[in-house]
Asks: 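Attaching a single structure in structure tokens format; questions to follow.
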Amino acid sequence: MTGKQTNWAGNITFSAQRFHRPVSVPELQRIVAGSTRARALGTGHAFNDLADTDGDLIAVTGLPRVIEFDAPDDTVTVSAGISYGELATALNRAGRALPNMASLPHISVAGACATGTHGSGDTNGSLATAVSAIEMVTADGDLVTVSRRSDPAGFPGMVVALGALGIVTRVTLDTVQDFEVRQYVYEDLPYEQVNAHFGEIMSAAYSVSLFTDWRAPRIKQAWLKRRADSVDPPPGLARMGARLADGPRHPVPGMSPANCTEQLGVPGPWHERLPHFRLEFTPSSGDELQSEFLLPRARAGSALLALQQIAGQLAPVTQISEIRTIAADDLWLSPCYMQDTVGFHFTWISDWSAVAPVLAQVEECLRPLRARPHWGKLFTADPKVLRGLYPRLADFRRLMHDYDPSGTFSNDFLDRYLGPSR
Ligand SMILES: Cc1cc2nc3c(=O)[nH]c(=O)nc-3n(C[C@H](O)[C@H](O)[C@H](O)COP(=O)(O)OP(=O)(O)OC[C@H]3O[C@@H](n4cnc5c(N)ncnc54)[C@H](O)[C@@H]3O)c2cc1C
């Protein structure tokens, strides 16, 4: 592949000298073995330079498509570059499901898991928590398989790995019985109710997302995704002053609800309700930047109050913000590592010079609350502060040294935030 390549948002032009899209694992092995600086690329939805390299950028989306079910284990093994949308359709056909999905089904399985991508739901871990085994090409071109079963102590370090240990070729995921979901949208939930009843609101459904544009002291839309065995819309939000929407909604003002998954309580398969956006449309607004900060759930109220103080600065540069909850996990570099988490997400306008100073204010507000930035979105954290937020970082660096002693998979981003590799 030749020519300039950018990420999905178009705000990063990759600086790689060579672009590759291997169509077989042996071809990928040869490229990696012959490279001194290489990075994997999934579907390119990260908003920062995490995937970038000055050497060989290797897209995994051309690898042969694999979707292999293992019935006794209730797992599915998939090619790394497959999108959640394609996988979910195949899973659903087989009567299986994933416990959760992100807001969009367009992203690759390996790329999403590598950055700790998540959806919402008090009891739902990030997408990476479903990973039980990984096959990857390491720096010398070898193909290795690691699994939670074979290495229970080290495996939790290898899933949210930011592409630093190797190029993942296959991922094995735990699956669950398929299920149906009904999606309801409530409008205009006052902040004071959110501050007073955060726990009740976030547990009102299997997955809850609160959207605000910071222009008024209220949650503009609350999206509740309820397992379909409970038929009625959860009554709690109406008691708190919110209104059940009378038609489908898009969370970003001005965008067509036709791009979104079905609402109004119509039951449907898990994969057509858990993401907000439909696979066949552009997700979100399409012209945007994004940031997200994940902090201990118990600090949700303090974070919302702190952000309300800068609502006047946030409103002009925010298309929409989303508040979600995610269950704690044991994955060393996961922003949800060992803490039940609340995520504050920002879909910014696509003007970095206007966004950057406001992002710095958000970071200042949330730093005392020990907010961990989403690895795949924009942040400007002081690397020393960021390192202090990950208690297993030294162990992860040992894995980097073991799997990639010469720093083939390192790049400026990893050197900056995890510390220099060589
Ligand atoms: C519109 C939009 C909506 C989003 N919604 C959400 C959301 O709801 N929740 C959320 O948490 N995030 C969300 N994100 C962020 C997104 O999920 C992450 O950026 C994710 O990493 C994207 O996956 P990708 O395949 O595009 O990764 P890429 O951008 O291609 O790569 C990201 C990282 O993963 C590594 N990587 C990719 N493939 C491999 C591989 N095969 N082996 C090893 N490393 C690999 C890359 O080297 C890089 O470090 C959203 C992004 C967009 C654009």
Side-chain angles (χ1 to χ4, degrees), residues 5-12 14 16 22 25 28 32 38-53 57-63 78-84 100-120 124 126-128 134-138 158-171 207 209 251-252 259 274-277 281-294 319-320 322 324 326 333-336 341 343 345-347 350 373-378 403-404 409-411 413-414 417:
Q5 304 270 332
T6 68
N7 63 343
W8 174 86
N11 64 316
I12 301 285
F14 296 119
V25 173
L28 168 62
V32 174
R39 292 287 289 163
L41 185 67
T43 45
H45 284 73
F47 286 86
N48 55 31
D49 57 344
L50 173 60
D52 204 6
T53 175
L57 189 61
I58 307 172
V60 295
T61 44
L63 293 178
V78 300
S79 35
I82 200 167
S83 73
Y84 272 96
N100 210 1
M101 291 180 75
S103 68
L104 75 176
H106 308 65
I107 48 180
S108 81
V109 170
C113 292
T115 60
T117 290
H118 60 89
S120 192
N124 294 322
S126 76
L127 305 188
I134 286 170
E135 179 193 85
M136 65 181 176
V137 175
T138 52
M158 305 184 69
V159 186
V160 180
L162 312 178
L165 304 178
I167 300 200
V168 175
T169 47
R170 287 185 184 212
V171 182
S207 166
S209 288
V252 179
N259 302 4
L274 292 176
H276 306 324
F277 306 112
F281 289 97
T282 299
S284 194
S285 88
D287 180 20
E288 65 195 69
L289 300 171
Q290 292 189 9
S291 302
E292 187 168 23
F293 297 91
L294 299 118
Q319 300 194 50
I320 200 69
E322 182 176 8
R324 292 178 276 190
I326 311 106
L333 289 195
S334 163
C336 307
T341 295
H345 162 87
F346 301 83
T347 298
S350 60
H374 190 305
W375 289 113
K377 301 184 183 179
L378 292 164
Y403 279 90
D404 183 20
F409 299 119
S410 282
N411 66 358
F413 181 103
L414 297 183
Y417 290 113

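Basis for what follows: all heavy atoms, side chains included, without hydrogens, waters or symmetry-related copies. Whatever order the structure lists them in is the order used to number ligands and atoms, beginning at 1. Because the structure is a prediction, the values reported are computed rather than measured. Here, residue 1 is the first one in the sequence, and each next residue gets the next number.
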Asks: Do side-chain atoms of N7 reach the backbone of H45 as a donor and acceptor pair under 3.5 angstrom?
Replies: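 Not a single qualifying donor-acceptor pair exists.
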Asks: Which heavy atom of A114 sits nearest a heavy atom of G163, and at what distance?
Replies: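 In this case the closest contact between A114 and G163 is CB-N, 4.3 Å.
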Asks: To check you understand the geometry: which heavy-atom pair defines the closest contact between A16 and L57, and what is its length?
Replies: CB-CB, 3.7 Å
Asks: Give yes or no for whether the N/O distance cutoff of 3.5 Å, strictly under, is met between G44 and ligand 1.
Replies: yes
Asks: Measure the distance from atom 24 (P) of ligand 1 to every protein heavy atom, then report the residue, atom name and distance (to 0.1 Å) of the closest one.
Replies: T43 OG1, 3.3 Å
Asks: What do you reckon, are the aromatic ring centroids of F277 and F281 less than 6.0 Å apart?
Replies: no
Asks: Which heavy atom of the protein is the closest neighbour of atom 9 (N) of ligand 1, given with residue, atom name and distance?
Replies: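 Ranked first by proximity to atom 9 (N) of ligand 1 is H118 O, 2.8 Å.
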Asks: Please work out whether any backbone atom (N, CA, C, O) or any side-chain heavy atom from C-beta onward of Q290 is under 4.0 Å from ligand 1, and answer side chain, backbone, both or neither.
Replies: side chain
Asks: Could you tell me whether a side-chain N or O of N11 sits under 3.5 Å from a main-chain N or O of F47, the two making a donor and an acceptor?
Replies: yes
Asks: Is G42 in polar range of ligand 1, meaning some N or O pair under 3.5 Å apart?
Replies: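 In this structure, G42 places an N or O atom under 3.5 Å from an N or O of ligand 1.
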Asks: So how far is it from S207 OG to M101 CE, rounded to the nearest 0.5 Å?
Replies: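 CE of M101 is found 11.5 Å from OG of S207.
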Asks: Looking only at distances, can you tell me whether any N or O atom of G116, backbone or side chain, sits closer than 3.5 Å to an N or O atom of ligand 1?
Replies: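 G116 vs ligand 1: no N/O contact under 3.5 Å.
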Asks: Going by atom types only, do H374 and Q290 share a side-chain donor-acceptor pair under 3.5 Å?
Replies: no
Asks: Using a 4.0 Å heavy-atom threshold (strictly under), name the region of V168 that reaches ligand 1: side chain, backbone, both or neither.
Replies: both
Asks: Among A9, A40, S126, P283, which one has a heavy atom closest to atom 40 (C) of ligand 1?
Replies: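 Looking at heavy atoms only, A40 sits closest to atom 40 (C) of ligand 1.
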Asks: Counting non-hydrogen protein atoms only, what is the nearest one to atom 4 (C) of ligand 1? Give residue, atom name and distance.
Replies: L104 CD2, 3.4 Å
Asks: Hey, mind stepping through T169 and L63 against side-chain contact (heavy atoms from CB on, under 4.5 Å) and telling me if it holds?
Replies: CA-CA 8 Å; T169 47; L63 293 178; 4.1 Å; yes
Asks: For ligand 1, which part of L162 has a heavy atom less than 4.0 Å away: the side chain, the backbone, both, or neither?
Replies: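 Only the backbone of L162 comes within reach of ligand 1.
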Asks: Does T115 reach ligand 1 with a nitrogen or oxygen that is under 3.5 Å from one of the ligand's nitrogen or oxygen atoms?
Replies: yes
Asks: For atom 13 (C) of ligand 1, state which one of K377, H45, M136 supplies the nearest heavy atom.
Replies: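 It is K377 whose heavy atom sits nearest to atom 13 (C) of ligand 1.
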Asks: Could you identify the single nearest non-hydrogen protein atom to atom 44 (N) of ligand 1 and state the distance to 0.1 Å?
Replies: G163 CA, 3.4 Å
Asks: Tell me, please: is R324 in heavy-atom contact with ligand 1, that is, under 4.0 Å?
Replies: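 Within the 4.0 Å threshold, so yes.
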Asks: Which distance, rounded to the nearest 0.5 Å, do you find between the OH of Y417 and the CG of L333?
Replies: 14.5 Å
Asks: Using heavy atoms and a threshold below 4.0 Å, how should the contact between H276 and ligand 1 be classified: side chain, backbone, both, or neither?
Replies: neither
Asks: Looking only at protein heavy atoms, identify the closest one to atom 34 (O) of ligand 1 and say how far it is in Å.
Replies: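 Here the nearest protein heavy atom works out to A114 CB, 3.5 Å.
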Asks: Would you mind telling me if ligand 1 is within reach of the side chain of H345, the backbone, both or neither, using heavy atoms under 4.0 Å?
Replies: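 Within the 4.0 Å criterion, H345 makes no contact with ligand 1.
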Asks: Given G119, G111, S83, which one has a non-hydrogen atom that is nearest to atom 27 (O) of ligand 1?
Replies: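 Looking at heavy atoms only, the winner is G111.
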Asks: Side chains of V32 and F409: closer than 4.5 Å at any heavy-atom pair?
Replies: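 Side chain of V32 against side chain of F409, heavy atoms only: contact under 4.5 Å found.
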Asks: Give me the residue, atom name and distance of the protein heavy atom closest to atom 5 (N) of ligand 1.
Replies: S103 OG, 3.0 Å
Asks: Is there side-chain contact between Y84 and V109, with heavy atoms separated by less than 4.5 Å?
Replies: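 Touching, per the 4.5 Å side-chain cut-off.
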Asks: Which heavy-atom pair separates L165 from Y403 by the least distance, and what is that distance?
Replies: O-CB, 3.8 Å
Asks: Are any non-hydrogen side-chain atoms of R324 and S209 less than 4.5 angstrom apart?
Replies: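 With C-beta onward as the side chain, the pair touches.
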Asks: Which atoms form the tightest heavy-atom contact between P105 and S83, and what is the distance?
Replies: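 Distance-wise, the nearest heavy atoms are O-CB, 3.7 Å.
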Asks: Backbone, side chain, both or neither: what part of F277 comes under 4.0 angstrom of ligand 1, heavy atoms only?
Replies: neither
Asks: Are any of the N/O atoms on T117, whether in the backbone or the side chain, positioned under 3.5 angstrom from an N/O atom of ligand 1?
Replies: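 Between T117 and ligand 1 (N or O atoms, distance only) the closest approach is under 3.5 Å.
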Asks: Taking N or O atoms only and a 3.5 Å limit, does S108 qualify as a polar contact for ligand 1?
Replies: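 Min N/O separation from ligand 1 is below 3.5 Å for S108.
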Asks: Among all protein non-hydrogen atoms, which one is nearest to atom 51 (C) of ligand 1, and what is the separation to 0.1 Å?
Replies: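 Among all protein heavy atoms, the one nearest atom 51 (C) of ligand 1 is F47 CE1, 3.6 Å.
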Asks: Specify the protein heavy atom at minimum distance from atom 19 (O) of ligand 1: its residue, its atom name, and the distance to 0.1 Å.
Replies: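 So the nearest neighbour among protein heavy atoms is A46 CA, 3.3 Å.
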Asks: Pick one of side chain, backbone, both or neither for how L41 approaches ligand 1, counting any non-hydrogen atom pair under 4.0 Å.
Replies: both
